[in-house]
Amino acid sequence: MPWEPPATKGMGEMAAGVQARVLIVARDDVLAGPLADGLDRLGWRTVTARGPNSAVAALADLQIEAAIVDVQGGGEEFLRLAKRLKAACSPRRLPVVAIGDPDAGMVAQGFDLTAAAPLHPAQAAMRLETLVREAVAEEEFELRQETFADRGRGMQAPEPDVSPYRVLAIGEPAPQFLALSNALKANGADVVGAFTAYTAFDYLHERTFDAVVLWAGENPQEALSIAAGLRRNTRLYHTPALLYMQREASLTISEAYHRGISDVASPQTPEHETARRVVELARAFRRGAAIRQALDQARHSGLMDAATGLFTRDLFAAHLARLAQASRVRNRPLSVCVLRVAEKPEVTAARAGGWLDRAIPQIGSMIGRLVRVEDTAARLAPDVFALALPATPLAAGKAAGERIAAVIGCTAFEAGDGKPPFVVEFDIGVAEVGSPETVGHALEQAASQAAGLKAS
């Protein structure tokens with residue numbers, strides 16, 4: 001067996017107590033070095049391994065969330081590495097990204113995504129965020145299946161959609177752009193063309209697309225504004241967008257990724273390669289959509305709170321206990337957040353008139369839409385809500401609660417004839433679950449914080 005140097009820490013990993021999140025496996029630093037440095041600066045702390053054995057050893061010691069494998073020049077060992085890494089992390093799901101030529105055969109090798117080299121750190125961070133959340137959502141689906149089965153309800157596993165990928169191509173009919181559309185069709189994709197942003201959004205609101213291709217043309221800012229519109233829309237937020245740039249453009253690749261673009265290509269890139277990259281984006285998007293739809297079955301189970309569609313108190317307690325057990329087995333953090341309607345004068349008046357009770361179903365429904373698909377939202381009491389946040393440490397759990405409260409705080413609710421509408425604020429409590437044995441105490445601690453009391 002050839003000797004391999006041990007895994008080396010990324011620059012951000014040098015600080016004591018900082019946990020690596022990403023394992024990079026590469027024979028050398030030609031691609032891995034700049035990628036690791038960039039990911040470290042973006043908060044995705046890295047550790048690098050030079051071969052399969054040191055990579056598996058690193059997984060045993062670290063709480064890695066995802067892996068990136070530079071398969072170019074790595075040989076057969078690197079091509080087979082994805083399944084080995086996933087097995088080493090089981091039952092925690094580990095997304096594995098390959099840096100190489102996009103190829104449908106890489107899926108059979110166990111890779112979740114193949115990205116063309118060089119992989120820009122901002123692009124990598126965006127892909128990793130999506131892949132990690134999808135992995136957590138798959139774990140959550142398995143747990144919900146068990147929780148609902150205990151109550152005689154089944155949840156069907158997501159069924160693969162084998163229809164051709166649907167791609168929306170937006171931009172002027174330049175020769176290069178038309179050539180790319182033809183290459184996409186040759187790769188089995190159904191392509192719809194839209195020459196203006198107005199037409200594009202009409203299509204996006206009427207149909208579901210697996211990917212969007214934007215032609216930058218003479219004005220890349222218009223293409224970026226369309227990408228920004230995708231990211232501001234909750235229904236379209238996850239739809240991937242590839243920016244097809246002219247050779248000479250004032251827009252930098254880094255700026256494009258930070259503005260919500262999923263991938264960047266130029267006319268100098270062969271059309272068939274760009275088409276494969278678009279199809280790879282579409283495949284990953286469709287997989288994530290299937291997971292979200294499968295989890296959404298809980299809303300129609302007949303076990304949820306009738307007024308809000310959220311988990312009931314008892315159902316939440318049972319599922320939270322299962323989540324706590326899974327967080328220990330999978331070595332993932334788990335936080336709970338309690339949102340209690342703050343007792344302001346206008347809320348007190350609305351409560352007395354029965355208007356708060358009328359608003360609660362809308363408030364609960366908003367909470368259900370604002371949480372991530374893998375999170376569990378529940379109604380604990382008439383005006384008290386709780387969130388179970390898997391793979392989420394304390395600080396991130398607090399941020400999630402504050403974000404939901406801020407969005408709902410912008411909504412005005414009816415207070416009766418002749419009275420101004422009222423708004424709702426929340427008192428928030430958050431706690432991280434240390435172990436399955438302390439899950440009840442963590443929920444009590446969060447509830448006490450929300451009630452303004454000191455936890456015992």
Please report the closest heavy-atom contact between A223 and A216, naming both atoms and the distance.
CB-CA, 4.3 Å
Please state whether the rings of Y203 and F209 are parallel, tilted or perpendicular, taking 30° and 60° as the class boundaries.
perpendicular
Can you check whether E65 reaches P95 side chain to side chain, under 4.5 Å on heavy atoms?
no
Rounded to the nearest 0.5 Å, how far does CG of L119 lie from OG1 of T114?
11.0 Å
Mark yes or no for whether N187, through its side chain, and R276, through its backbone, hold a donor-acceptor pair below 3.5 Å.
no
Given 3.5 Å as the limit, does a donor-acceptor pair link the side chain of K83 with the main chain of A108, or not?
yes
Around atom NZ of K398, are there more than 12 heavy atoms of other residues, nucleotides or ligands at under 6.0 Å?
no
Just to verify, what does D190 make a salt bridge (Lys or Arg N to Asp or Glu O under 4.0 Å) with, not counting sequence neighbours?
none
Heavy-atom side-chain contact between R286 and R283 under 4.5 Å
no
Side chain T147, main chain L143, donor-acceptor under 3.5 Å
yes
Interatomic distance, I360 atom CD1 to D305 atom CG [nearest 0.5 angstrom]:
10.0 Å
Check: R277 side chain, A116 main-chain N or O, donor-acceptor pair, under 3.5 Å
no
Min side-chain heavy-atom separation D296-V373 under 4.5 Å:
no
Report the distance from atom CZ of F141 to atom CD of E134, rounding to the nearest 0.5 Å.
14.5 Å
Do V424 and D383 have side chains that get closer than 4.5 Å, going by heavy atoms?
no
So CG of L131 and CE of M126: to nearest 0.5 Å the spacing works out to 11.0 Å
If you measure from the Lys or Arg side-chain nitrogens to the Asp or Glu carboxylate oxygens, is any gap between R332 and E139 under 4.0 Å?
yes
Testing the basics here: between L178 and P173, what is the closest heavy-atom pair and its distance to 0.1 Å?
CD1-O, 3.7 Å
Of all the heavy-atom pairs spanning L281 and P240, show the shortest one and how long it is.
O-CG, 3.8 Å
How close do A67 and L85 get, heavy atom to heavy atom, and via which atoms?
CB-CD1, 4.0 Å
Under the criterion side chain to side chain contact (heavy atoms under 4.5 Å, CB included), I'd like the reasoning laid out for V338 against V384: C-alpha separation, chi angles, the key distance, then a yes or no.
CA-CA 7 Å; V338 173; V384 180; 3.8 Å; yes
Main chain of E222, side chain of S225: is a donor-acceptor contact present, judged purely on distance under 3.5 Å?
yes
Gap between atom CG of D70 and atom CG of D28 - 0.5 Å precision
7.0 Å
Do E432 and S327 come close enough that some side-chain heavy atom pair is under 4.5 Å?
no
Applying side-chain hydrogen bond (donor to acceptor under 3.5 Å, both in side chains) to S163 and D161, what does each step give before you reach the verdict?
CA-CA 6 Å; S163 63; D161 183 351; 2.7 Å; yes
So which atom in T312 and which in L303 form the shortest heavy-atom distance, rounded to 0.1 Å?
CG2-O, 3.4 Å
Spell out, as yes or no, whether a donor-acceptor pair under 3.5 Å connects the side chain of S90 to the backbone of A87.
no
Run the numbers on V329 and R92 for side chain to side chain contact (heavy atoms under 4.5 Å, CB included), then give the verdict.
CA-CA 8 Å; V329 172; R92 184 170 83 249; over 6 Å; no
Keeping R45 on the side-chain end and V22 on the backbone end, is there a donor-acceptor pair under 3.5 Å?
no
Evaluate the side-chain proximity of Y244 to V264: yes if any heavy-atom separation is below 4.5 Å, no if none is.
no
Would you please classify the geometry between the F311 ring and the H319 ring as parallel, tilted or perpendicular, with 30° and 60° separating the classes?
tilted
Exactly one of V279, L180, V213, D263 clears side-chain contact (heavy atoms from CB on, under 4.5 Å) with T274, and that residue is L180
State plainly whether the residues E77 and R84 are in salt-bridge range, i.e. N to O under 4.0 Å.
no
Within-4.5 Å side-chain heavy-atom neighbours: S335 and V433
no
I'd like to know whether V192 forms a side chain to side chain contact (heavy atoms under 4.5 Å, CB included) with V167, so could you lay out the CA-CA distance, the side-chain angles of the two residues, the decisive distance to 0.1 Å, and finally the verdict.
CA-CA 6 Å; V192 175; V167 178; over 6 Å; no
Check whether R379 reaches the backbone of A307 with its side chain - one donor and one acceptor, N or O, closer than 3.5 Å.
no
Any donor and acceptor pair, going by atom type alone, linking the side chain of S301 with main-chain N or O of Q297 inside 3.5 Å?
no
Could you go through I408 and L339, starting from their C-alpha distance and side-chain angles, then the distance that decides it, and tell me whether this counts as side chain to side chain contact (heavy atoms under 4.5 Å, CB included)?
CA-CA 11 Å; I408 296 177; L339 301 164; over 6 Å; no
Looking at D150 and R322, does any basic side-chain N land under 4.0 Å from a carboxylate oxygen?
yes
Which residue in the set R93, R133, R330 passes salt bridge (Lys or Arg N to Asp or Glu O under 4.0 Å) when paired with E138?
R93
Quick one: closest heavy-atom pair of P52 and L81, and the distance?
CB-CD1, 3.7 Å
Sidechain N-carboxylate O distance under 4.0 Å for R358, E414:
no
Salt bridge present between D29 and R50 (N-O < 4.0 angstrom)
yes
With a 4.5 Å heavy-atom cut-off, do F78 and R27 have their side chains touching?
yes
Main chain of P390, side chain of T392: is a donor-acceptor contact present, judged purely on distance under 3.5 Å?
yes
Does the distance from a Lys or Arg side-chain N to an Asp or Glu carboxylate O, for E140 and R372, drop under 4.0 Å?
no
Interatomic distance, CG@L94 vs CG@D112, rounded to 0.5 Å, equals 8.0 Å
